[in-house]
Amino acid sequence: MRRATEGGEMTTYGYRVAELFITRPRKQTPRIALTEPEAAGGLYQAVFKAANDALARGEKDEVRRHYTRISQVRADAWGILLTVKGGDYGEPREVIDVDADETLGNPRSIGQSDAVLSDFYSLLIIPPYGESGLLITEVKGRSHLQGATLRQLNYKLRDLGVFLRITSDAVDAQAWREFLADDAVGVTGVELVQSTPSPDRTRFTSENVRRSWLHLDLENGSQLKAKVVNALRAMIGQPDRRPRLVGLVGLRDFADEDFDEERIITVRDGKERKLDVRSSWPRFTYRIDTEERLTAAEFVDEVASTARDALTFLNVDVAANWRPVVDD
């Protein structure tokens, strides 16, 4: 069972999908075909070799104070499934058994150079042709190792003159369209936030208030609610079409410039999610309803349908034998 949830809210367990492509190391270079570099048998074989070369050899990111290590590599069909360990370091901490009585347990020290590692799956789908593949990364809470996985692989690929990159604009936009088209998703309100008022701006009050909220509940069946819903759907994948909510809801004494945040509130399955139309769309996370973390085989099975849909949306000719199967 998979469920979709907006990326800005806490997600218990799920995964994200990004379009994967390659360029030369310079940032402004165009995409190149996945069949390059030819000497390495295409990107698939290059990534497979890079992952195995990095196996059990951790990398420290001195800037982010993060340690990453690929601990297992499995490959089948178009898929390469990595089990990646990662964790932060850089400050002394303590660990304690939360199931024990804290008055009886003694916290154990974690040194400044100790990284507390967690396992995450990263599934790369690399077709044997074209320019687009996928990177599907496991999400736990707000944590994932998408960027760390790419850095680990790119470090090994640099000698081949190729660089892995990702973008989520297209696949996330499609996911958001499907999310908002679901009859189970409701748009319930508009929230306007003023947090940095200055003397020359309109203010809710003359008192010293650090932050103010204006919340508008939208009546079902009203023309106003229909306008807000249409404006929200129109802005998906169109950053230049962000609605100006103050004018849309008809507030006479205020302007959009009087607010620092303008949010549209959605509800699905009783859970409220707020989308800030002033900022870019949050990363889309597919939620997995489970009480325990999936095994590797279960994770691949869970994401396979979404992966196929994403490949089709990216105009990848999906062959009959594309789907990876892995054993635990």
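V84 approaches S122 most closely through the heavy-atom pair CG2-OG, 4.1 Å. Contact between L294 and Y121 at its shortest, heavy atoms only, is O-OH, 3.1 Å. When all heavy atoms of Y44 and G79 are compared, the closest pair comes out as OH-O, 3.1 Å. The two residues L134 and A307 make their nearest non-hydrogen contact at CD1-O, 3.4 Å. Here the closest heavy-atom approach between residue G133 and residue L314 is recorded as O-CD1, 4.2 Å. When all heavy atoms are compared, the tightest approach of A50 to L157 is CB-CD2, 3.9 Å.
Atom CZ of residue R287 and atom CG of residue D289 lie 5.0 Å apart, to the nearest 0.5 angstrom. Atom-to-atom distance recorded for Q223:CD and L218:CG is 13.0 Å, nearest 0.5 angstrom. In this structure, OG on S113 lies 11.5 Å from OH on Y67, to the nearest 0.5 angstrom. In this structure, NE2 on H215 lies 11.5 Å from CZ on R263, to the nearest 0.5 angstrom. One finds the CG atom of L82 at 6.5 Å from the OG1 atom of T149 (value rounded to the nearest 0.5 Å). A distance of 10.5 Å separates CD in Q174 from OG1 in T312, rounded to the nearest 0.5 Å.
The shortest side-chain heavy-atom distance between L150 and L135 falls under the 4.5 Å cut-off. Using a 4.5 Å heavy-atom cutoff, the side chains of L245 and L192 are in contact. Within the 4.5 Å cutoff, the side chain of V303 has no heavy atoms near those of the R308 side chain. Considering only heavy atoms from C-beta on, L43 stays 4.5 Å or farther from E36 through its side chain. Side chains of I32 and E131 form no contact here, defined as non-hydrogen atoms less than 4.5 Å apart. Contact check for L34 versus P127: side-chain heavy atoms found under the 4.5 Å cut-off. Contact of the E262 side chain with the V246 side chain is registered, since non-hydrogen atoms from C-beta on lie closer than 4.5 Å.
For the pair R24 (side chain) and G161 (backbone), a donor-acceptor distance under 3.5 Å is present. A donor-acceptor pair under 3.5 Å links the side-chain atoms of K225 to the main chain of V187, judged by distance alone. With hydrogens and angles ignored, the 3.5 Å screen pairs no side-chain donor or acceptor of D119 with any backbone N or O of K85. With hydrogens and angles ignored, the 3.5 Å screen pairs no side-chain donor or acceptor of S168 with any backbone N or O of A18. A donor-acceptor pair under 3.5 Å links the side-chain atoms of Y129 to the main chain of D317, judged by distance alone. Using modelled atom types, no side-chain atom of D76 and backbone atom of V326 make a donor-acceptor pair closer than 3.5 Å.
Under the 4.5 Å side-chain heavy-atom criterion for Ile, Leu, Val, Met, Phe, Trp and Tyr, V47 and I70 are members of the same hydrophobic cluster. Side-chain heavy atoms closer than 4.5 Å link hydrophobic residues (I, L, V, M, F, W, Y) into clusters, and following such links, even through other members, never connects I265 to L214. In the hydrophobic clustering of this structure, I22 does not group with L311; members are Ile, Leu, Val, Met, Phe, Trp, Tyr whose side-chain heavy atoms approach within less than 4.5 Å, directly or through other members. Under a hydrophobic-cluster definition in which Ile, Leu, Val, Met, Phe, Trp and Tyr are linked whenever side-chain heavy atoms come within less than 4.5 Å, directly or via other members, I166 and F313 are assigned to different clusters. Placement of L20 and I136 in two distinct hydrophobic clusters is found when ILVMFWY residues are connected by side-chain heavy-atom separations under 4.5 Å, directly or transitively.
Because its NZ or CZ atom is both nearer than 6.0 Å to the ring centre of F120 and within 45° of the ring axis, K140 counts as a cation-pi partner of that residue. Annotation: cation-pi pair R165/F21 absent, no NZ/CZ under 6.0 Å from the ring centroid and within 45° of its normal.
Taking the six-membered ring for Trp and the full ring otherwise, F48 and W78 have centroids separated by 6.0 Å or more.
Side chains of R93 and S109: a donor-acceptor N/O pair is absent below 3.5 angstrom, by distance only. Under the 3.5 Å distance criterion, with hydrogens and angles disregarded, a donor-acceptor pair is assigned to the side chains of T295 and D328. In summary, the side chains of T137 and R16 do not present any donor paired with an acceptor at a separation below 3.5 Å, with no hydrogens or angles considered. With 3.5 Å as the limit, one finds no donor-acceptor pair spanning the side chains of T167 and E19.
Heavy-atom neighbours of K227 NZ from other residues, nucleotides or ligands within 6.0 Å: at or below the threshold of 12.
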- Item | Criterion side chain to side chain contact (heavy atoms under 4.5 Å, CB included) on L153 and L124, from CA distance to verdict | CA-CA 11 Å; L153 293 174; L124 297 98; 4.1 Å; yes
- Task: Please assess I80 against L123 for the test side chain to side chain contact (heavy atoms under 4.5 Å, CB included), listing each intermediate value before the final yes or no.
- Result: CA-CA 6 Å; I80 300 175; L123 176 64; 5.9 Å; no
- Would you please test T188 and T266 for side chain to side chain contact (heavy atoms under 4.5 Å, CB included) and show each step? CA-CA 6 Å; T188 63; T266 68; over 6 Å; no
- Message: Between R293 and E138, is the salt bridge (Lys or Arg N to Asp or Glu O under 4.0 Å) condition met? List the steps.
- Response: CA-CA 10 Å; R293 181 173 182 250; E138 184 180 19; 2.8 Å; yes
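Aromatic ring pairs are classed by plane angle as parallel below 30°, tilted from 30° to 60° and perpendicular above 60°; the pair Y15 and F299 is perpendicular.
Sorted by first then second residue, the ring-ring contact (aromatic ring centres under 6.0 Å, His included) pairs that include residues 138-174, not counting sequence neighbours, number zero.
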